[in-house]
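See below for the structure under consideration.
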Amino acid sequence: MIFLDRLTGGKLSELPDAFLPGRYCLLKPLVVNGHSHLQPGDLLSDDGSGVIRIQDAERQVRSTEQTDDEQAESDLSAEAIVAIAGKLTHAQGASVSPMLPAEMAAQCALEEIERNLATVLRDGHLHSISDRPRRDLRYDDLVAPVARARRLATSALSHLASHSDCWQQRTLSSVQPRKVLARFSEDDYAIYENRLYKRLLDRLDRHLARRLARIRGVNSRLERALEFQGSEQTHFRLREDICRLWGESYLDDKTGMQLEAGKLALAELESQLRAVRGLKQRGLYSLVPAASVVPAQIHRTNILNHDPHYRHLPPLWEKLKDDREERLLPPEERLARQLQLQHAYVSYVGLVIRRALERYGLRMAGGKYVFSWADWSFVLKHEAHDWVVTQPDGSALRIVPIAWFGASIKGSETLEPDRIVCWPGTSASVASPQCLPVSPLDLYVVEKVGKLIDEWMLRQLLHGHGRKLGPLPTPAKKLTEAWPEQFESISPTHVRLLAPIDDQKAAELRASLRGSANPQVEDAVGSAIEQVAALAQLCGHPARFEPGQQQDFYCQCATCQTTWSLKTIGKRRHFSLRPKGASSVSETNRFVWSGRDWLEFDLDSNGLIVESTP
C-alpha cells in the first residue's frame with residue numbers, strides 16, 4: 001500500500017501509528033475496515049471507530065478532546081463549510097461569500113422542543129412530578145428483631161420453626177422468638193415513568209447546554225461583525241472590503257435583528273437550563289437510582305397516557321434529537337460524511353483564494369482561473385485536493401486544505417518551501433510558519449489568505465529586482481547610459497534597471513532592441529520595465545520611486561500616502577509596505593488594523609509569514 005502525504009508531498013508505504021484524518025491520499029484502492037471501497041485519489045479519514053485496519057495492522061486516527069463550547073464552535077464551522085460548498089455547487093457563476101452564512105444565524109430561533117419545554121415548565125408539570133411523583137409499594141421479607149416487626153411474612157412460622165438461631169428461649173408448649181421473618185413495605189420510586197423522567201432531564205440538560213454554546217458562538221460572530229462595521233479602529237479600505245463580503249452573505253442587512261433574536265433565544269434557553277438543573281437537585285430525581293435506563297423507544301403506559309402531568313413526558317422525549325444518533329450511524333455512512341466534509345473544505349478554501357485574488361482581476365479562461373500582474377501571467381489550478389498558484393517560470397504556491405478542528409495541525413514535519421497547510425481550527429488556533437487557520441467564522445479569512453499570496457508574489461518580484469540585463473547592443477547600451485537615474489552600468493554590455501522609466505523612454509529602448517538583440521534579452525528587458533513599474537505602484541497609484549544602494553528603494557504615494565521600501569539591514573534585506581497612519585499603530589495590531597495592506601518580511605528568509613486570527 002502506498003500513500004501520498006499531503007503535508008510534506010512525500011510518499012509512504014506505511015502509515016504512522018496515529019495519523020491526521022484527511023492528511024493522506026490513497027494511491028492504490030483500499031477497503032476501509034471491511035465496509036467501504038476507496039479508490040486512488042480518495043482521502044483517508046475516520047469511520048467513527050477511531051482506527052483503520054490495513055493488512056492486519058491497526059492505525060489510530062487522531063481525534064480532538066473538546067469542551068461543549070469548543071465542540072459547538074467546531075460543529076458551527078463544519079456546517080457553515082458544508083453550506084457554503086453547497087452554494088458553490090448551485091451558484092452558476094454567481095458570487096458566493098466566504099463568511100458565516102445567514103442561514104446559520106437563523107438557526108438561533110427556538111426549536112419546537114424548546115417551545116414545548118417552555119410551556120411545560122410554565123404550567124409546572126415537571127415540578128409537580130418532582131414534588132408529587134407516582135410510586136409503588138415494594139414489600140420485602142427480612143429477618144428482624146421482634147421489636148421492629150410490624151407485620152409478619154406469610155412464611156414467618158415455618159421460617160421460625162426451621163431456624164433455631166432466631167429463638168429467644170424454648171418452653172414446654174411453645175417457642176419465644178428473638179427474631180422473626182417480617183414484611184416491610186417501602187415506597188418504590190424506580191417505576192418506569194419515573195425512570196423516564198430522570199433520563200429526560202439528563203437529555204434536556206445536554207441538549208440545552210449544546211444549544212446555548214451554539215447560540216453564544218453565533219451571537220459572538222454577529223456582535224463582532226456589527227462592532228467591526230462601526231469601528232473607527234481599522235483602516236477604511238479593510239473595513240470596506242470585509243463589510244462588502246459580509247453584506248453579500250446578509251443581503252437584507254438583518255444582522256442586528258438576528259442578533260437581537262439570538263439574545264432573546266439565549267435568555268430563554270438559559271432560563272430553561274436553570275429550571276432543568278434545579279429539578280435535578282431536588283425531589284424525584286435523587287430518589288431514582290442513577291443506573292436507571294430507558295430504551296430509546298418509549299412504552300406508552302396508562303400513567304403516561306392519562307396522568308395530567310406525566311402525559312407531557314413522551315412528546316418531549318420523542319422530539320429530542322438524541323446525541324447518540326450520530327454514533328449509531330453505520331460506519332460507512334460516518335466515513336462518507338467525513339469525506340464529504342473534507343471535499344467541502346477544499347471547495348471552501350478555493351473560494352477564499354479566488355475572492356482574495358479578485359483585486360488582481362482573476363477570471364476564468366480556457367477552463368482555468370488566470371490573472372496577470374507585473375508582466376506575469378498566473379494560473380490558479382485545482383490539483384487533486386490542493387490549490388496551486390503558478391507562474392510561467394515554474395514557481396508555485398501550493399495550498400493544502402485539511403478539514404481538522406484541532407487547535408494545531410503541524411507536528412515536527414518539515415514542509416516544502418511555498419507549501420501552506422490550511423485547516424479550520426478553533427478560536428484558540430494560532431498560525432505558525434506555513435500553517436494558516438482558514439474558517440468561515442473568521443472575519444479576516446480573505447485578508448489572511450490574500451496577505452499570504454501577496455507576500456509570495458512580491459517575493460518573486462523583489463528577487464528579480466535589479467537583476468543583470470544583457471548583453472545589450474551598442475545603441476541600446478548608449479541609451480541606458482543617458483539615463484543614469486534609472487540604469488546602472490555594470491559592464492560594457494550589461495546593465496541593471498533600478499527605477500521605473502516613462503513610456504517614451506521604454507518605447508525608445510524597445511525600438512533599439514528590436515532586431516538587434518536576441519529575443520531572450522528583449523523579453524528580459526521588457527519584463528524588467530514592467531516589473532519595476534509594478535513595484536512603483538503597489539498601492540494602485542503611481543508613486544515617487546527613489547532608488548538606493550544595493551538595489552534598495554523607497555516609494556511614497558502622493559494619492560493615498562502609502563509607503564513601501566526595500567532596505568538592506570546588515571546581512572538581511574527587509575521589505576515593508578505601510579498604509580497611511582501606520583505610525584500610530586503598534587506592530588502587534590498591524591494586521592487587525594489594516595489586513596493585507598501592511599506587509600513586513602525579510603526577503604531572504606525561508607517560508608511565508610502567516611497571520612494568526614485577530
Side-chain angles (χ1 to χ4, degrees), residues 360-361 365-366 370-379 389-397 418 454 456-558 564-568 571 573-575 577 603-604:
Y360 297 106
V370 298
F371 64 98
S372 300
W373 179 72
D375 198 42
W376 282 330
S377 295
F378 294 86
V379 177
V389 183
T390 60
Q391 64 179 79
D393 67 358
S395 300
L397 175 66
D418 297 335
D454 293 347
W456 176 76
M457 293 168 60
L458 265 173
R459 283 179 182 273
Q460 313 302 312
L461 186 61
L462 292 170
H463 278 302
H465 175 62
R467 66 183 180 274
K468 184 167 66 173
L469 300 174
L472 300 181
T474 301
K477 183 66 167 59
K478 288 183 178 180
L479 271 179
T480 61
E481 291 173 352
W483 304 324
E485 293 182 354
Q486 288 84 26
F487 286 92
E488 175 189 1
S489 178
I490 56 177
S491 78
T493 56
H494 291 78
V495 296
R496 284 193 178 97
L497 179 60
L498 300 178
I501 59 177
D502 58 36
D503 293 341
Q504 182 179 351
K505 292 180 179 178
E508 288 182 35
L509 183 57
R510 285 191 172 99
S512 68
L513 291 171
R514 195 173 298 119
S516 58
N518 66 56
Q520 291 82 2
V521 172
E522 189 176 350
D523 292 343
V525 172
S527 294
I529 292 172
E530 295 294 335
Q531 290 162 16
V532 173
L535 272 180
Q537 46 185 341
L538 291 181
C539 63
H541 313 105
R544 176 171 55 88
F545 191 102
E546 298 179 359
Q549 300 294 324
Q550 300 178 332
Q551 293 88 54
D552 293 352
F553 62 84
Y554 174 83
C555 293
Q556 183 173 18
C557 178
W564 59 97
S565 63
L566 179 63
K567 295 181 180 179
T568 301
K571 294 183 178 181
R573 305 187 72 198
H574 184 77
F575 177 81
L577 183 147
L603 187 57
D604 300 323

> Given the rule in the side chain to side chain contact (heavy atoms under 4.5 Å, CB included) test, do Leu538 and Leu458 qualify, once you have shown the distances and angles that lead to the verdict?
Replying inline: CA-CA 10 Å; Leu538 291 181; Leu458 265 173; 3.9 Å; yes

> Is there a side chain to side chain contact (heavy atoms under 4.5 Å, CB included) between Arg573 and Gln551 once you walk through the steps?
Replying inline: CA-CA 10 Å; Arg573 305 187 72 198; Gln551 293 88 54; 3.6 Å; yes

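Legend: residues meeting side-chain hydrogen bond (donor to acceptor under 3.5 Å, both in side chains) with Arg514, ordered by chain and number and at least two apart, are absent. Every residue meeting the side-chain hydrogen bond (donor to acceptor under 3.5 Å, both in side chains) condition with Ser491, not counting sequence neighbours, appears here in chain and number order: His494. Scored by the ring pair (Phe, Tyr, Trp, His ring centres under 6.0 Å) test, Phe553 finds His465, Phe545 as partners (sequence neighbours excluded). Lys505 is linked by a side-chain hydrogen bond (donor to acceptor under 3.5 Å, both in side chains) to nothing, counting only residues two or more places apart in sequence or in another chain. Take Glu481 and apply the salt bridge (charged side-chain N to carboxylate O under 4.0 Å, His left out) test, not counting sequence neighbours, and it matches Lys477.
Screening residues 528-542 for salt bridge (Lys or Arg N to Asp or Glu O under 4.0 Å) gives Arg510-Glu530 as the qualifying pairs, with residues at least two apart or on separate chains.
The aromatic rings of Phe378 and Trp373 sit tilted, their planes meeting at an angle between 30° and 60°.
Enclosure of atom CG in Asp503 is not indicated, since only 12 or fewer non-hydrogen atoms of other residues, nucleotides or ligands lie within 6.0 angstrom.
Trp376 places no side-chain N or O within 3.5 Å of a backbone atom of Ser527 that could act as its donor or acceptor partner.
Taking OG1 of Thr390 as the start and CG of Leu397 as the end, the distance is 10.0 Å to the nearest 0.5 Å. Atom CZ in Arg459 sits 6.5 Å away from atom CG in Leu603 (nearest 0.5 Å). Distance check, rounded to the nearest 0.5 Å: CZ of Arg496 to OG1 of Thr480 gives 13.0 Å.
In this structure, the side chains of Lys567 and Phe575 stay at 4.5 Å or more apart for every pair of heavy atoms.
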